[in-house]
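Accompanying notes for the structure given below.
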Amino acid sequence: MLDRKLLRKDPQAVADGAAAKKEKIDINLWINADSKRRELMLQIEELRKHRNSLSKAVSMKKRNGENADSEMALSRDTGLQLSSLEKEISAIDESLAEMEHTFPNIPDADVPLGGEENNVVLRSWGQIPEFNFTPKPHWELMEEVFQPEAAGRIAGSNFILFRGWAARLQRTLISWMLNYHTEAGMEEIWAPFVAKAESMTATAQLPKMEDDMYKIGRDGLFLIPTGEVPITNLYRDQMLEEADLPVRLCGYTPCFRREAGSYGKDNRGLNRVHQFEKVEMVRLEHPDRSEDAHQELLSHAAGMLELLGIPYRILLLASGDLSFAAAKCYDIEIWSAGQEKWLEVSSISNFRDFQARRGNMKFRPNGGGKTQFLHTLNGSGLALPRLIISIVENGQQADGSIILPPALVELMGTEVIR
RNA sequence: GGAGAGGUGGCCGAGCUGGUUUAAGGCGUACGCCUGCUAAGCGUAUGUAGGGGAAACUCUACCGAGGGUUCGAAUCCCUCCUUCUCCGCCA
């Protein structure tokens with residue numbers, strides 16, 4: 001959610017920001033409703049003030065045993081006027097809030113304009129592996145341990161099922177990544193894998209992404225599309241002290257996405273599935289330090305890939321590729337040797353105070369003073385299926401065996417998968 | 001699922017036989033005083049949001065959410081959410 005003061009002061013910036021994200025909003029509709037609301041509010045406060053003083057007069061007179069009928073009659077009239085104005089204003093409030101929830105966050109000044117094609121590759125790391133044979137895609141290398149047909153029988157198409165070493169590799173990676181984060185000082189969270197609409201609204205999956213989420217109709221709950229939702233919402237409606245910042249969290253969750261309308265597009269194998277596992281990093285920061293924190297999260301996430309020896313590149317996303325709530329976002333992509341393409345394994349975003357406003361997450365500055373919205377950030381650290389793709393495809397040998405990254409050998413109990 | 005008890009400002013906690021409470025008191029915090037040293041004491045200030053004012057200040061709303069009763073609701077009534085206790089059920 002954006003600051004109403006900003007909406008009033010600089011509606012053009014809001015409109016430009018939305019346009020840069022290819023979101024359609026009608027800022028004039030909001031401005032008109034807002035000024036109508038303020039006008040009504042003035043009248044309402046005037047009437048309330050009047051009624052309050054009448055009430056006080058009634059109270060005094062009654063205490064003194066005097067007759068207060070005329071004040072009571074006046075007060076009743078005032079009350080009637082009030083209730084019609086209040087009805088009017090609450091309708092306006094509702095439509096204002098509804099509009100505000102559809103206004104996207106404004107991209108930072110250093111975010112390039114344009115669509116995906118304007119994403120900027122900032123840097124890359126590692127050597128793209130070369131083979132003296134034709135490398136296979138992971139679905140061929142994993143034929144015995146990755147069984148989409150079985151998952152389809154159980155849950156429907158585009159769900160996945162691992163057995164044997166693939167299941168173990170996934171478990172190992174989750175554990176290994178969580179260790180990496182907690183050793184760097186993050187607190188590990190285990191949170192619910194479902195969330196209510198309020199939580200989804202705070203982190204801004206709602207209203208925009210409703211069709212992409214699984215909803216449990218009977219209880220009005222949603223399956224989480226990312227660990228960001230429960231972990232960030234841990235602090236919804238909470239007031240922190242400045243000294244509590246930064247809050248550094250991580251956690252494993254499955255992620256459920258309907259991926260409506262994406263069938264047939266890059267969805268072979270593990271590339272795009274309805275349920276995938278992910279370790280998420282979440283950070284609550286002082287507004288002055290969120291930019292630094294953003295850089296830090298990025299290099300922290302990239303550090304994992306260096307330990308695993310997986311080539312990656314970092315993209316600064318263009319405005320049109322930014323999510324609804326993000327002000328700025330880096331993607332980390334890793335190399336898939338069998339498909340010869342880059343795969344996104346992490347999105348690391350700074351939301352500034354956008355989610356904090358929606359979720360009412362504030363802190364009290366040192367030495368007291370006015371409370372402020374804090375800044376929220378998050379990043380995948382990392383998404384598992386695509387990480388598994390890279391490990392498997394990049395580590396393959398001519399005989400179909402797979403050499404594991406040395407960092408995983410201890411937990412996997414072997415150096416090579418045959 | 002059944003029964004009961006709660007949800008008040010950053011926290012704790014009074015008020016809940018409706019009107020001098022436009023929320024007492026405490027803790028915490030800030031500033032000052034005192035004190036020969038990371039203590040204690042004393043004084044003052046301190047909820048959130050919005051409006052008006054150059055400012056001191058002032059107005060309005062908010063006591064889980066929404067509705068109702070009333071001239072007037074933290075206080076009475078209804079619905080919902082949520083926490084806790086006991087019982088049942090399941091693991």
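Per chain, numbering begins at 1; letters A, B, ... match sequence-line order.
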Task: Residue met sooner reading RNA chain B from 5', once A/K56 and A/E198 are mapped to nucleotides - done: A/K56
Open item on the list: Below the 4.0 Å mark, does B/A49 have OP1 or OP2 next to a side-chain nitrogen or oxygen of A/K370?
Closed with: yes
Task: Separation of atom CG in A/L40 from atom P in B/G50, rounded to whole Å - done: 19 Å
- [ ] Let me know, please, whether A/M72 or A/M41 comes out on the 5' side of the other along RNA chain B by nearest nucleotide.
- [x] A/M41
- [ ] Looking at every strand, decide which applies to A/T78 at a 4.0 Å heavy-atom threshold: base, sugar-phosphate, or nothing.
- [x] nothing
Open item on the list: Looking at every heavy atom in both A/W165 and A/M412, which two are closest together, and how far apart are they?
Closed with: O-CE, 3.9 Å
TODO: Please report the shortest heavy-atom distance between A/F103 and A/D26, naming the atom on each side.
DONE: CZ-O, 4.4 Å
TODO: Could you tell me whether A/R283 and A/E285 have a side-chain N and a carboxylate O separated by less than 4.0 Å?
DONE: yes
Open item on the list: By the 4.0 Å heavy-atom rule, please label A/L42 as base, sugar-phosphate, or nothing.
Closed with: sugar-phosphate
Open item on the list: Base, sugar-phosphate or nothing for A/N52? Non-hydrogen atoms, less than 4.0 Å.
Closed with: sugar-phosphate
Task: Watson-Crick/G-U partner (both atom distances under 3.5 Å) of B/A5 - done: B/U83
TODO: Searching all strands shown, indicate the nucleotide that pairs with B/C33 (Watson-Crick or G-U wobble; both distances under 3.5 Å).
DONE: B/G41
Task: N/O (side chain, A/R38) to phosphate O (OP1/OP2, B/G51) under 4.0 Å - done: yes
TODO: Select base, sugar-phosphate, or nothing to describe what A/R48 touches, counting heavy atoms under 4.0 Å on all strands.
DONE: sugar-phosphate
Open item on the list: Just N and O in the side chain of A/S55: are any of them under 4.0 Å from OP1 or OP2 of B/U22?
Closed with: no
Open item on the list: Tell me the interatomic distance from A/R37, atom CZ, to B/U60, atom P, rounded to whole angstroms.
Closed with: 17 Å
- [ ] Might you confirm whether atom CD of A/E415 has over 12 heavy atoms from other residues, nucleotides or ligands at distances under 6.0 Å?
- [x] no
Task: N or O in side chain of A/K362 less than 4.0 angstrom from B/A49 OP1/OP2 - done: yes
TODO: Both distances under 3.5 Å, Watson-Crick or G-U wobble: report the partner of B/C11, or none.
DONE: B/G26
